[in-house]
Each structure stands twice: as C-alpha cells, then as structure tokens.
Amino acid sequence: QVQLVESGGGSVQAGGSLRLSCETPGFTYTDYCMAWFRQAPGKEREGVATIDEDRKTTYTDSVKGRFTISRDNTKNILYLQMSSLKPEDTAMYYCAADAQWYCVVAGFVASNYKYWGQGTQVTVSS
C-alpha cells in the first residue's frame, strides 16, 4: 500500500523559511514522478513543483527562485525547501506521486496523480 506522509508545516512570518518533508513508508518511489501541490481555502488545488526520477524539476511561476524541490532516493524522502515566504503561500501543502518516471506526463494536473498524502498546513503572516 502506498503511503505518503508530509511533515514540516507551521506558522512563519513573511520572509521566513520552512522545509517540508514527505516520507514514503514501505514504498520505494524511485520510479515515480513526485510533486508538491497546495490548496488555499476556497481555491483549487494547484501544482507547486515536480521532480522526475532523474531529478529534473519544474516549478510554478509564483515560487520560482524561492522554492526548491528535491528527493533523497536512499531514504525515500521528498523535500520542499521554501524561502522568502509570502502570505499568499499560505495553504495546505500535499505531496503526490504518479507511477511515471517523467513528470512531463502528469505535470501540474492534480487528477493525474494517483497517490496523495494527508497534507501539512503552512501559514505565513505579514
């Protein structure tokens, strides 16, 4: 059974940093496209960043230069390093997995991802 477990969320002031983690107990994700999504209240879930099996990354425009997605394939952990946080980054953040090596297939379309974590809340105050 595929499980994704996020952690690392919290409350920070604008300009601060957080690092989110997504662990995959019992699941070797090396052949999967991994992604981070977020959903703010009243808004649709949006893709934030993706990373291929070979570590090619993509980012949504609003986080480019501030967020970094990475993966440690030896520990089966996905990360999202978030810096220069803004109040508009406030959302529930989810990690997701798609059984494809390359994220060009799934992209930032939430319905293309089969596996999801339960989410971790990030709140940025001004």
Side-chain angles (χ1 to χ4, degrees):
Q1 182 177 355
V2 175
Q3 281 186 291
L4 305 176
V5 181
E6 302 97 333
S7 62
S11 297
V12 296
Q13 290 191 327
S17 299
L18 283 172
R19 188 177 79 160
L20 306 183
S21 299
C22 174
E23 296 185 60
T24 60
F27 162 41
T28 301
Y29 72 7
T30 52
D31 294 336
Y32 286 70
C33 160
M34 301 297 293
W36 287 98
F37 283 76
R38 65 186 180 187
Q39 188 167 20
K43 295 188 177 181
E44 292 189 358
R45 192 168 296 190
E46 67 165 341
V48 174
T50 68
I51 185 166
D52 287 342
E53 186 270 342
D54 60 0
R55 294 183 170 81
K56 179 181 177 182
T57 60
T58 61
Y59 297 91
T60 193
D61 286 345
S62 63
V63 307
K64 285 180 180 176
R66 301 188 298 120
F67 290 11
T68 302
I69 187 172
S70 62
R71 61 196 294 168
D72 184 334
N73 286 351
T74 62
K75 298 180 180 179
N76 287 334
I77 301 178
L78 176 73
Y79 298 102
L80 184 68
Q81 178 67 48
M82 305 185 295
S83 302
S84 301
L85 282 161
K86 303 175 181 180
E88 51 263 43
D89 295 318
T90 295
M92 185 72 78
Y93 282 71
Y94 299 90
C95 67
D98 177 48
Q100 301 282 346
W101 281 12
Y102 301 110
C103 295
V104 66
V105 177
F108 285 146
V109 179
S111 60
N112 288 340
Y113 290 82
K114 182 175 181 180
Y115 305 107
W116 291 86
Q118 81 290 348
T120 186
Q121 178 68 38
V122 172
T123 302
V124 184
S125 58
S126 58

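- Panel note: side chain Thr68, backbone Gln81; no donor-acceptor pair is recorded below 3.5 Å.
- Glu6 places a side-chain N or O within 3.5 Å of a backbone atom of Gly119 that can act as its donor or acceptor partner.
- Taken to the nearest 0.5 Å, the OG1 atom of Thr24 stands 9.5 Å off from the CD atom of Gln3.
- With Thr90 contributing its side chain and Val124 its backbone, the two residues share a donor-acceptor pair below 3.5 Å.
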Going through the checks in order, is the side chain to side chain contact (heavy atoms under 4.5 Å, CB included) test met by Asp89 and Met82? CA-CA 10 Å; Asp89 295 318; Met82 305 185 295; over 6 Å; no
Before you tell me yes or no, could you show the steps for Thr60 and Phe67 under side chain to side chain contact (heavy atoms under 4.5 Å, CB included), namely the whole-Å CA-CA distance, both residues' side-chain angles and the distance that decides it to 0.1 Å? CA-CA 10 Å; Thr60 193; Phe67 290 11; over 6 Å; no
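- Across Ile51 and Arg71, no two heavy atoms sit closer than the pair O-NH1, 3.2 Å.
- When all heavy atoms are compared, the tightest approach of Ser126 to Ala14 is CA-CB, 4.3 Å.
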Checking Asp31 against Trp101 for the side chain to side chain contact (heavy atoms under 4.5 Å, CB included) test, could you report, in this order, the C-alpha distance in whole Å, the side-chain angles of both residues, the deciding distance, and whether it holds? CA-CA 5 Å; Asp31 294 336; Trp101 281 12; 3.4 Å; yes
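- Met34 and Val2 fall within a single hydrophobic cluster, where Ile, Leu, Val, Met, Phe, Trp and Tyr are joined by side-chain heavy atoms under 4.5 Å apart, directly or via other members.
- Transitive grouping of hydrophobic side chains (ILVMFWY, heavy atoms separated by less than 4.5 Å) keeps Tyr113 and Tyr93 in distinct clusters.
- Under the 4.5 Å side-chain heavy-atom criterion for ILVMFWY residues, no single connected hydrophobic cluster contains both Met92 and Leu18.
- Under the salt bridge (charged side-chain N to carboxylate O under 4.0 Å, His left out) criterion, Lys43 pairs with no residue at all, not counting sequence neighbours.
- Residues Tyr94 and Leu85 do not share a hydrophobic cluster, defined by chaining ILVMFWY side chains whose heavy atoms lie under 4.5 Å apart.
- Linking ILVMFWY residues whenever their side-chain heavy atoms come closer than 4.5 Å, directly or via other members, leaves Leu78 and Phe37 in distinct clusters.
- Summarising the geometry of Ala91 relative to Arg38, their closest heavy-atom pair is CB-CB, 3.8 Å, with the distance given to 0.1 Å.
- Contact detail for Ile69 and Trp36: the closest heavy-atom pair is CD1-CD1, 3.5 Å.
- A donor-acceptor pair is defined here as one N or O able to donate and one able to accept, closer than 3.5 Å; no such pair exists between the side chain of Arg45 and the backbone of Ser111.
- Taking OG of Ser62 as the reference point, atom CD of Glu88 lies at 8.5 Å (rounded to 0.5 Å).
- Few gaps surround CH2 on Trp116; more than 12 heavy atoms of other groups in view lie less than 6.0 Å from it.
- Summarising the geometry of Ala49 relative to Tyr59, their closest heavy-atom pair is CB-CD2, 3.6 Å, with the distance given to 0.1 Å.
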Start with the C-alpha distance between Leu20 and Val122, add both sets of side-chain angles, then the distance that settles side chain to side chain contact (heavy atoms under 4.5 Å, CB included), and finish with yes or no. CA-CA 9 Å; Leu20 306 183; Val122 172; 4.0 Å; yes
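- Between Asp61 and Lys64 a salt bridge is recorded (basic side-chain N to carboxylate O distance below 4.0 Å).
- By the 4.5 Å heavy-atom criterion applied to side chains, Thr120 and Ser7 are not counted as neighbours.
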